[in-house]
Amino acid sequence: MPVNVCQQLNNTKSLDKESYVSSLLSQMTLREKIGQMSQFNNDNEKLTASIKMGDVGSVINEVNFETINELQRIASQESRLGIPLLVGRDVIHGFNTIFPIPLGQAASWSTEIVESCATIAAIEAANNGVNWTFAPMIDISRDPRWGRIAESLGEDPYLCSVLGSAMVKGFQGENLSDSTSIAACAKHFAGYGASESGRDYNTTNIPENELRNVYLPPFKALADAGVSTFMASFSDLNGVPVTGNSWLLNDILREEWQYTGFVVSDWESITQLITHGFCADTESAAFEACQAGVDMEMASNTYAKNLPSLIQNNKVNIEQIDIMVSRILTLKFDLGLFENPYTRATPAVERLDSFHLDAAKQAATKSCVLLKNNIQTLPLSKTELTSLAVIGPLADDGYEQLGTWVFDAKPNQSITCLNAIKSHVGDSVEVKFSKGLATSRSHNQDGFIEATQLAHSADVAVLILGEEAILSGEAHCRSNIDLPGCQEQLINAIYETGTPIILVIMAGRPITLEKILPKVDAVLFAWHPGTMAGPAIADLLFGETSPSGKLPVTFPRSVGQIPLYYGQKNTGRPPCDATFVDINDIEVRAPQTSLGMTSTHLDTHFSPLFPFGFGLSYTQFEYENINISRHVITMGEFVEITATISNVGYFDAEEIVQLYIRDLVGSVTRPIKELKGFQRIFLPAGQSKSVLFKIHTDELAFYDRQMKRTTEPGLFNAWISSNSDTGLKTEFEVV
Ligand code: NOJ
C-alpha cells in the first residue's frame, strides 16, 4: 500500500508542530482544505465516502467506539492525505456518569468539583473515541426563563470565568495529547444568554460597554486559559448575527485577544444567516462566515458548496483559507491524532467506575442549596423517625434526575432518592412512596388521595418535585417558572394533612417559590443532580454532611421581576424599604406622588426571593472583624482584606465566603456589587478561621466610554459576606 502524506510526515521524526502542519498544508488540494473546514453529522449517508475523498474534517455525534475507530482508519489510511478526524460530541455534564447540570456545578462554587467532573467526563468520552466537546457554555445567564440557563454557570462574570476555566482544565488535562484529554469549546461566543424574553435563539441587543464588562470576560478568561476552540453563537448581536460578525470574531477575538485556536459555527448557523435576513443565499452566507473567521462549519455544507467558487472569483483569498485550515490541523496535532487516532477498544460500560460515582456523589452533594430550614426540620434523624412518606414524580425516576444534554448515560444506572433513602434508613424507618402526579407537568390529581393518605400517616413528608429533564435545555424555555403542572396543588394538599414537609426540588433553572414557601418547612434545591442524586440527597437529608451550595443565580419572586441579578446598577432612584409602596396599600384616587417614586414594581417587593450567593447550612457561621491592610492604595498595588469566620453551631460544615466590591463613582456607572473572590472553607463546629482576600487594583478595572479597560481612581466599598445581600463592609481609596 502506498504511504500517504501523514504517514510520510510521521516518519520524519524531527518535525515540530509548525513544520508538520505547514508541510501537510502545502500538499493539500483546495478541496481537501475545505474538507478540513467541514463537520459532518454521523447520520450523513455520504459520510464514509466523503471521508475517503478528504471532504470531512470532523464528525459530530458518533459515539460508538468501534465505528469511530473504523472512521479514523478510513480517514488515516484510505484518504489521500491520511488526516484523522476530530470527533465532536456535546459532553456537557458527564458522559456515562452524569454529574449535576452545569448550573448545579456552579452552585458548588468549587473549582475542584467542576474540574473533577470535567476530568471524568473527558476520560469516559475519550474512551469512546470522542476527542472534542462543545463545553463549557459560559454565556452569562440572567433570565431563568431561558432553557439554556441549565447549561450555564450562572449570572456572574467572575464566577463564570473561574469555574469555566476549571472546566477547561478538566477536559483538556495537563496535555491535550494524553489519551484521557479532549479538546474543549468556549460557547456561545457571545451574548446568547441575553436572548430577548428568555426565548431561545432570539435576538440580542447588548451595548458594547455592557458586552465588554459583562458578557465577554468569561470568554477572555477561557481564551487565556488555553481553550482549544470557540463556538460562534446562533444569535443576532446588535443586528449582525455572530456567525457573520467580523467585529466580534476578528477584531476582538483574533486581534485584541490574540486567540490562536479555531472557531466552529453552531449547528447550521452559517445557512441560518439567510434565515436571519442577513444573507440572500448560501454563497453570501459562506462568504460572510468565512470573512468573519468561522474556521469550521457544523452540520451544513455551505463552505463545501461555495468556497471553491468564492476563491476562484477572488472574493476569498487562499491565504486566509490556509490560516483557517492550519488552526484545525494544529489542534489535531496537539491532540496527538496524527500519531494515534484510535481509542482503546473497551467493551461498552455495563457498570460505572466506582471512583467516578464517588465524584458524582460529591459534586451533587456540594451543589445542593438549602433555601429554607425551619428550626429542627433538617437534618432528619433516623433514630427519631418511625415513618417517612416520599412523594413526587421525581422521587424515583432515574431518567429525569439527569437533566438536559444527556445522550450517553443509562438512566437505569442512576440511584434515585427513593432507593437511596430506603437504603439509608434500612429497616428502622418505614418508607412509603407515592408519585402524587404522573409527571412534573401533570394536571391529573387522582394520585393526591394516596399521597395525602401516606403523608397523613407519616412523621414527615419528603416531596421530590421540580421540572422534568425536558423542561430545560436548548429550545426548552418557559414563560412561567413556577413549579409546572399541579405540583403547587399537591403541596397544598399535603400541607392540609399537617405533616411537616421537606421539599426537594430538582430543576434546570430557578423556580418561583414565593407562594409555596410558607407551606413547607424546608427546601433543598438540588438542580438536576445526575446519576448519584439519591445518595447525595439522602446524605444531606439525614445529616451525614451539611448542605453547602450557594446560588450562582438570583431567584426572583415572580417572573415579572426578570431580569433580576445582584450586579444591577443603582439607578437615579434606587428602591428602598422606607419608600416602598405595596399595591394593596395604595389609597383609591390618592395623588400619584404617594407612590415612593423609586425603581420598583407595585405588586412585588423589589428584592429577590433569594439573592445570588445565598445558601443555608445546618450550622451557623458568624462573620466578624473585617480588616483592611490599608485604606489608601496606589494604582498597581494590592490590598488585603480579612475577616474572621466562626462556626458557632453544632455541625461541622463548609462555608463559601464571598468578596464583593463596589466602585462608587465611575465614568461609566458601575454595578452596586461585583464578586471579586470566593473561598470554600471547612470549619469544624466551634472553630474560627481568618479568611484573606488579596486584590490588585487591576482587578478593579472595567471598560470605560472609550472601551479601554481601566481602573479609575476613587472610593470603593468592599464586603466579606455569606451572600450578595449582606456582609461586613469596609472601604478603600485607589489613588
Ligand atoms: C446547538 C447548540 O447550540 C450547541 O451548543 C451544541 O454544541 C451544538 N448544537 C451541537 O450539538
Side-chain angles (χ1 to χ4, degrees), residues 103 107 140-150 152 154-156 193-200 202 369-372 440-441 443 463 465-467 471-472 476-492 495 501 503 505-520 522-525 527 550-569 571 573-577 579-586 595-616 672 723-725:
L103 190 61
I140 295 298
S141 302
R142 294 177 166 183
D143 193 330
R145 294 171 297 184
W146 191 44
R148 300 201 81 166
I149 195 171
S152 82
E155 75 181 40
D156 183 64
S195 295
E196 283 178 359
S197 77
R199 195 152 56 80
D200 213 356
N202 207 358
V369 184
L370 184 65
L371 295 177
K372 174 174 180 176
S440 72
R441 278 169 289 161
H443 289 278
L463 270 59
L465 305 179
E467 291 182 320
L471 298 186
S472 60
H476 298 163
C477 306
R478 297 180 58 203
S479 68
N480 169 339
I481 56 167
D482 289 343
L483 285 174
C486 271
Q487 295 184 88
E488 286 192 20
Q489 288 88 329
L490 178 61
I491 294 173
N492 290 338
Y495 175 70
I501 298 177
L503 175 60
I505 297 183
M506 295 185 192
R509 56 163 64 73
I511 299 289
T512 36
L513 298 169
E514 190 167 35
K515 280 181 283 172
I516 55 178
L517 265 193
K519 309 264 170 77
V520 301
V523 181
L524 186 68
F525 205 91
W527 319 97
K550 302 253 186 175
L551 297 179
V553 62
T554 302
F555 272 42
R557 294 171 187 278
S558 67
V559 93
Q561 288 183 300
I562 297 169
L564 189 68
Y565 48 93
Y566 84 92
Q568 287 187 327
K569 302 285 183 78
T571 79
R573 291 180 172 223
C576 66
D577 276 317
T579 56
F580 176 71
V581 181
D582 185 277
I583 195 164
N584 298 310
D585 300 332
I586 304 171
L595 296 187
M597 312 306 279
T598 61
S599 179
T600 60
H601 296 109
L602 288 175
D603 49 4
T604 183
H605 193 264
F606 51 83
S607 61
L609 188 61
F610 297 108
F612 175 85
F614 177 83
L616 300 170
I672 50 177
N723 68 62
S724 62
D725 191 39

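Residues that satisfy the side chain to side chain donor-acceptor pair (under 3.5 Å) test with S724, not counting sequence neighbours, are absent from this structure. Every residue was checked against the side chain to side chain donor-acceptor pair (under 3.5 Å) condition with N202, not counting sequence neighbours, and none meets it. Listed by chain and residue number, D482, E488 satisfy the salt bridge (charged side-chain N to carboxylate O under 4.0 Å, His left out) test with K515 (two or more places apart in sequence, or in another chain). Taking the side-chain contact (heavy atoms from CB on, under 4.5 Å) definition, one finds that D585 meets it with D582, sequence neighbours left out. Not counting sequence neighbours, the partners of P563 by the side-chain contact (heavy atoms from CB on, under 4.5 Å) test are Y565. Applying the side-chain contact (heavy atoms from CB on, under 4.5 Å) rule to V520 yields the partners I491, I501, L503, V523; only residues at least two apart in sequence or on another chain are considered. With sequence neighbours left out, the ring pair (Phe, Tyr, Trp, His ring centres under 6.0 Å) criterion links F610 to F614. Partners of A107 according to the side-chain contact (heavy atoms from CB on, under 4.5 Å) rule, which considers only residues two or more places apart in sequence or in another chain, are V369, W527, P552. For S152, the side chain to side chain donor-acceptor pair (under 3.5 Å) partners two or more places apart in sequence, or in a different chain, are S141. Scored by the ring pair (Phe, Tyr, Trp, His ring centres under 6.0 Å) test, H605 finds F580 as partners (sequence neighbours excluded). With sequence neighbours excluded, the residues satisfying side chain to side chain donor-acceptor pair (under 3.5 Å) with E467 are R478, R509.
Within the 4.5 Å cutoff, the side chain of I511 has heavy atoms near those of the F525 side chain. For the pair I562/I481, a side-chain contact is recorded, criterion being any heavy-atom separation below 4.5 Å from C-beta on.
Every pair passing salt bridge (charged side-chain N to carboxylate O under 4.0 Å, His left out) that includes a residue from residues 551-568 is listed here, sequence neighbours excluded: E514-R557.
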